[in-house]
J.: 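Structure in structure tokens, see below.
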Amino acid sequence: MRIVDATLFALQIPFVEAFAHSVRSRSSSDAIVVRLRAADGTVGYGEAVARPYVTGETVASCLEFMERTLWPAVKSADYAPWVGQEPIAWLGSLTLPTEDSADADTGVVAWNAARCGFELALVDCLLKSAGVSLGELLPPRRSVIYSGVITASSIEGAVKHAKRFKQFALPHIKVKITGEADRERLAAIRAAVGPEVSLRVDGNGAYSVEGAIATCQALADFQIDSAEQMIPRGNPQELATVQAASTIPQMADESLITLADAEALIAAGACQGFNLRLSKCGGLGPTLAIADLAQSAGIQVQVGCQVGETAILSAAGRHLAAYLPEISFCEGSYGSLLLREDLSRRPIHFGHQGLAKPLKGAGLGVEIQDSLLEKYAQQIITLPSKAA
Amino acid sequence: MIALSTRSLIETQYADQVRAFERSPWFQRLEQGQASPQEYDAFIFNLCQTHLKSPQILSFLYAVAPPEAAPQIKHNLLEELGLDEAAICHPDLLYVLATAAGFDRERQTRLAEAAQAQIRQLCTDPLLFGTMQELGLSVLLEVTCFEWMLSRLASRIGKALAAHRGLPSESLIWFDHHSEVDIRHAEEGLDSVEQYLAYYEIEAEDLETILDITFRENIFIKRYFADLPALAGATHENR
């Protein structure tokens, strides 16, 4: 099956309310949607969320890499349609070029968001063409329970969010922390939600090794189930130092972008959990490989998300979370709870208690509205298969 | 009777919502004649779409209303449908408005379909609330907040459409009607909320959270201006 054209939509969808963490605050989604059309007319959608402070990709560089490197590879390939092959191997066959990774000039760790955008679009397109749901390749083991995430706003604002999540009976909450009034913030949130709700924290790399250890000690009273990326991405041994000194399980996020990162973290005994995010890790194939490695090493996995992701990444994340043998927590599927409008015709967001059923439709299982892509596009790049 | 502070809390939320709407760049452009004809038409489409489904929403509220509030909500429903003594069907007034704005049959069909699609979405969206009483309260708060706003701004909106979109006065009866009717409805709406809270024994803390959830974005901007492009200064006008 050949892919005959591609369109890239750099979006800006306003948020219902701003979202902040220790690195930055944002009030709109800057997702990139990749739309591919196959020779038989089938259309598939993928999504990339470029984060300079994660993979080093920006929206501009991501678009440029897609156009310069990924599209030439995709348009020249003849993809094997899905006819019941071994699922992981088939997903692996969609692997996209990795050239320019770890380029010292660009500061890019890996072009994983760009690769994810194209990989998901290929998966969606090829499976839709075969009339097959991704859920047939990755059979769901369970409904998914999503966490609420509390942005790094004022303590008063954090408590408001906590009360909303309590009203919705979400059993798990992640709290963004910044190093300012962390103890007061967690005390107020714990008081608002009660003792039964699982709380975890995410530092987005805002702390030094010593600061991370001290903060984890200070927060231990509040029954914190994991501390995510307290220190910046760097030598895994530093994270291992934090883990060794803390009773709170450490979770790697920005430190975990590639399979090589996963191997290094495991070798160093750096943490007890991995946060798997499709756009960060390069799509379904690479993420499944990291999950497999984590399982072998006894590392817990959380399925994370990108703030501002649309229904496309959320759908792929839902399939992943429902399929993996065991996950500690899951994030995402906020859809129109965060975005002014999401792209799918039917809502993707979870319901009461954070519950969401596996998706069953062909491909990723969401029906994308092209009119909304055009409405929110800041830039549209059309990539034909033949030079004009 | 709920405490005065609770009623004040609700009124404060309504007032904040109306103030943010009134000060939003979209409303300012409409009222000051700066909007394009397409923006006026998009606003008219969205307003009609929002209020065409009022009978269904009121029917839902009637179904969940406590006995004390049910007669009032039933009266509002019959009034909406033109089945009261005034016999003015409000959805018909919206179609009069749409016709005056030049919406042809095809566009009016799209309007009806869009309103129905919103009802469908309400029914298919995963429910975040755990009980019908919480959902019912959230809907009641939004409906009564709309009445509160219309009692204060409907007449100004009608005048803006007459002055800047050139609509004749006979096509703007919906606004005249709501500027009068909703002054009464706004006060009665607060009574209904009060009766609802008492009947379902909803605690003040839960009311505060449901208010926060219901009004976390500006409901008027969301309903009336969703299709319009972002405008400078709009970001901080969301609530």
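None of the values given here were measured: they were computed from a predicted structure. Every chain is numbered from 1, with letters handed out A, B, ... down the list of sequences.
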J.: Can you tell me if CD on B:E68 sees more than 12 non-hydrogen neighbours from other groups inside 6.0 Å?
T.: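 Counting other residues, nucleotides and ligands, CD of B:E68 stays at 12 neighbours or fewer.
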
J.: Has B:Q34 got more than 12 heavy atoms of other residues, nucleotides or ligands less than 6.0 Å from its CD?
T.: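 It does: B:Q34 CD has more than 12 such atoms within range.
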
J.: Hey, is CD on B:E11 packed in by over 12 heavy atoms from elsewhere, all under 6.0 Å?
T.: yes

J.: Relative to chain A, which segment of B:Q121 carries a heavy atom at a distance below 4.5 Å: side chain, backbone, both, or neither?
T.: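 No part of B:Q121 comes within 4.5 Å of chain A.
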
J.: When rounded to the nearest 0.5 angstrom, what is the spacing between CD in B:E134 and CZ in A:F168?
T.: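 Result: 9.0 Å between the selected atoms.
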
J.: Just verifying a value: how many Å separate A:R346 CZ and B:T124 OG1, rounded to the nearest 0.5 Å?
T.: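 So the gap between those two atoms works out to 5.0 Å.
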
J.: Can you tell me how far apart CD (A:Q167) and OG1 (B:T131) are? Round to the nearest 0.5 Å.
T.: 8.0 Å

J.: Supply the atom-to-atom distance A:K160 NZ to B:R216 CZ, rounded to the nearest 0.5 angstrom.
T.: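 Answer rounded to 0.5 Å: 12.0 Å.
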
J.: When only heavy atoms count and the cut-off is under 4.5 Å, which of residues 349-368 of chain A reach chain B?
T.: A:H349, A:F350, A:G351, A:H352

J.: Under a 4.5 Å cutoff for heavy-atom pairs, which residue among B:D125, B:D206, B:T209, B:L128 has the most contacts with chain A?
T.: B:L128

J.: Quick check on A:L337 against chain B: is it the side chain, the backbone, both or neither that has a heavy atom closer than 4.5 Å?
T.: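 For A:L337, heavy atoms of backbone and side chain both lie under 4.5 Å from chain B.
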
